[in-house]
Amino acid sequence: MNSRIIPITQRKKQYLDLLLLADEQESMIDRYLERGEMFVLEDNGLKAICVVTDEGNGICELKNIAVIPPAQRKGYGKRLIHYLMNYYSGKYTEMLVGTGDVPSTTEFYKSCGFAYSHRIVNFFTNNYDHPIIEEGILLKDMIYLKRHLR
């Protein structure tokens with residue numbers, strides 16, 4: 001594969017449609033988009049995107065990762081996370097990711113080396129202006145997973 005990962009430093013909002021696949025409320029994306037580092041994975045066109053923020057104390061957080069629907073389950077998300085692990089290794093000690101409590105999503109992160117960290121009760125019901133339903137599951141709590149960076 002001729003994929004390449006490119007940092008995006010300007011006009012991040014042009015990728016809003018893709019970011020909304022992973023975080024479906026624009027006002028929530030606005031909370032981290034400009035302070036985060038954005039990367040896109042291209043492989044004969046845009047396939048995936050992510051945003052990572054500095055949360056202080058040696059911790060960074062993967063705030064958003066999305067793969068275009070036709071390219072899902074083809075390894076692009078894993079490839080992007082592998083890149084991030086190398087990129088942020090030495091800059092941070094730990095990466096966090098917060099997600100809904102949906103088995104396929106938590107299993108994906110566990111397969112990428114993340115382990116359960118903690119949960120924020122009622123995060124989705126308190127922070128989103130509409131119910132978030134993923135794979136038929138109404139999201140209430142935010143589940144955090146973490147991975148140590150070498």
Side-chain angles (χ1 to χ4, degrees), residues 3-43 45-56 58-89 91-92 94-120 122-135 137-147 149:
S3 63
R4 60 191 189 131
I5 296 171
I6 306 158
I8 303 296
T9 57
Q10 298 173 354
R11 296 181 53 233
K12 295 177 184 177
K13 274 282 195 136
Q14 70 180 311
Y15 298 99
L16 183 63
D17 286 352
L18 190 48
L19 293 168
L20 286 166
L21 288 176
D23 190 346
E24 60 183 70
Q25 189 167 304
E26 186 174 354
S27 64
M28 295 298 284
I29 293 170
D30 288 341
R31 291 186 184 184
Y32 57 78
L33 186 59
E34 286 311 313
R35 70 183 180 95
E37 288 189 278
M38 177 185 275
F39 299 90
V40 296
L41 186 153
E42 291 184 348
D43 185 1
L46 178 66
K47 297 293 190 258
I49 193 165
C50 67
V51 179
V52 177
T53 58
D54 180 340
E55 297 300 313
I59 296 169
C60 62
E61 183 174 340
L62 177 59
K63 288 284 193 180
N64 190 311
I65 182 167
V67 177
I68 64 166
Q72 289 175 1
R73 306 207 187 293
K74 295 187 174 147
Y76 291 112
K78 270 198 171 119
R79 194 169 316 146
L80 200 46
I81 287 176
H82 181 73
Y83 173 86
L84 296 174
M85 293 300 135
N86 290 328
Y87 183 86
Y88 288 111
S89 173
K91 296 183 179 113
Y92 296 97
E94 193 172 85
M95 180 178 281
L96 286 174
V97 61
T99 188
D101 195 0
V102 178
S104 66
T105 309
T106 54
E107 289 308 312
F108 166 76
Y109 287 116
K110 287 176 182 173
S111 75
C112 292
F114 287 84
Y116 178 82
S117 171
H118 62 283
R119 81 171 47 223
I120 298 179
N122 294 326
F123 178 87
F124 291 101
T125 44
N126 291 342
N127 288 283
Y128 285 80
D129 63 14
H130 63 284
I132 307 284
I133 297 168
E134 203 168 293
E135 295 179 23
I137 298 168
L138 175 64
L139 301 188
K140 292 180 184 153
D141 300 351
M142 170 90 80
I143 305 298
Y144 271 94
L145 298 105
K146 63 184 176 184
R147 181 171 163 178
L149 301 173

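Computation of the quantities below employed the complete heavy-atom set of this structure, encompassing side-chain atoms and omitting hydrogens, waters and symmetry-equivalent molecules. In this chain, numbering begins with 1 at the start of the sequence shown.
Between Lys74 and Asp43 there is no side-chain heavy-atom pair separated by less than 4.5 Å. Within the 4.5 Å cutoff, no side-chain heavy atoms of Leu41 are placed close to those of Tyr83. Under the 4.5 Å side-chain criterion, counting only non-hydrogen atoms from C-beta, Leu139 is not in contact with Phe123. The shortest distance between side-chain heavy atoms of Glu26 and Lys13 falls below 4.5 Å. Side-chain contact check for Cys50 versus Ile81: every heavy-atom pair is 4.5 Å or farther apart. Leu46 places a side-chain heavy atom less than 4.5 Å from the side chain of Tyr15. Using a 4.5 Å heavy-atom cutoff, the side chains of Lys78 and Ser111 are in contact. You'll find the side chain of Leu145 stays beyond 4.5 Å of the side chain of Phe108, heavy atoms only.
Taking CD1 of Ile65 as the reference point, atom CG of Leu18 lies at 10.0 Å (rounded to 0.5 Å). Asn127 contributes atom CG, which lies 4.5 Å from atom CE of Met28 (distance to the nearest 0.5 angstrom). Distance check: Ile5 CD1 to Glu42 CD gives 10.5 Å after rounding to the nearest 0.5 Å. Thr105 OG1 to Glu135 CD: the interatomic distance, rounded to the nearest 0.5 Å, is 5.5 Å. Here the straight-line distance linking atom OH of Tyr88 with atom CG of Leu149 works out to 10.0 Å at 0.5 Å rounding. Rounding to the nearest 0.5 Å gives a distance of 8.0 Å between CG of Leu16 and CG of Leu33.
Heavy-atom neighbours of Lys12 NZ from other residues, nucleotides or ligands within 6.0 Å: above the threshold of 12.
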Inset, instruction - Applying side chain to side chain contact (heavy atoms under 4.5 Å, CB included), run through Tyr32 and Asp23 and close with a yes or a no. - result: CA-CA 11 Å; Tyr32 57 78; Asp23 190 346; 2.9 Å; yes

Inset, instruction - Please report the C-alpha distance between Glu55 and Leu96 in whole Å, then the side-chain angles of each, then the deciding distance to 0.1 Å, and finally whether the side chain to side chain contact (heavy atoms under 4.5 Å, CB included) criterion is met. - result: CA-CA 9 Å; Glu55 297 300 313; Leu96 286 174; 5.7 Å; no

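At least one donor-acceptor pair under 3.5 Å links the side chain of Asp141 to the backbone N or O of Asn122. Between the side chain of Arg35 and the backbone N or O of Thr53, no donor-acceptor pair lies under 3.5 Å. Gln25 contributes a side-chain N or O that, together with a main-chain N or O of Asp129, makes up a donor-acceptor pair within less than 3.5 Å. Lys47 places no side-chain N or O within donor-acceptor distance of the main-chain N or O of Ser3, the cut-off being under 3.5 Å.
Ring geometry, Tyr128 versus His130: the interplanar angle exceeds 60°, so the pair is classed perpendicular (tilted spans 30 to 60°).
Summarising the geometry of Gly100 relative to Thr106, their closest heavy-atom pair is O-CG2, 4.1 Å, with the distance given to 0.1 Å. When every heavy atom of Ala48 is checked against every heavy atom of Tyr76, the shortest pair comes out as CB-CB, 4.4 Å. Residue Val67 comes nearest to Gly77 through the heavy atom pair CG2-N, 3.8 Å, listed as atom of the first residue, atom of the second, then distance. In terms of heavy atoms, Met142 sits closest to Gly98 at SD-C, 3.2 Å.
For the pairing with Met38, the side-chain contact (heavy atoms from CB on, under 4.5 Å) check across Thr9, Leu19, Asn64, Ile6 returns one residue only, Leu19.
For residues 59-73, the pairs satisfying salt bridge (Lys or Arg N to Asp or Glu O under 4.0 Å) are Glu61-Lys63, with sequence neighbours left out.
For His118, the ring pair (Phe, Tyr, Trp, His ring centres under 6.0 Å) test picks out Tyr144, with sequence neighbours left out.
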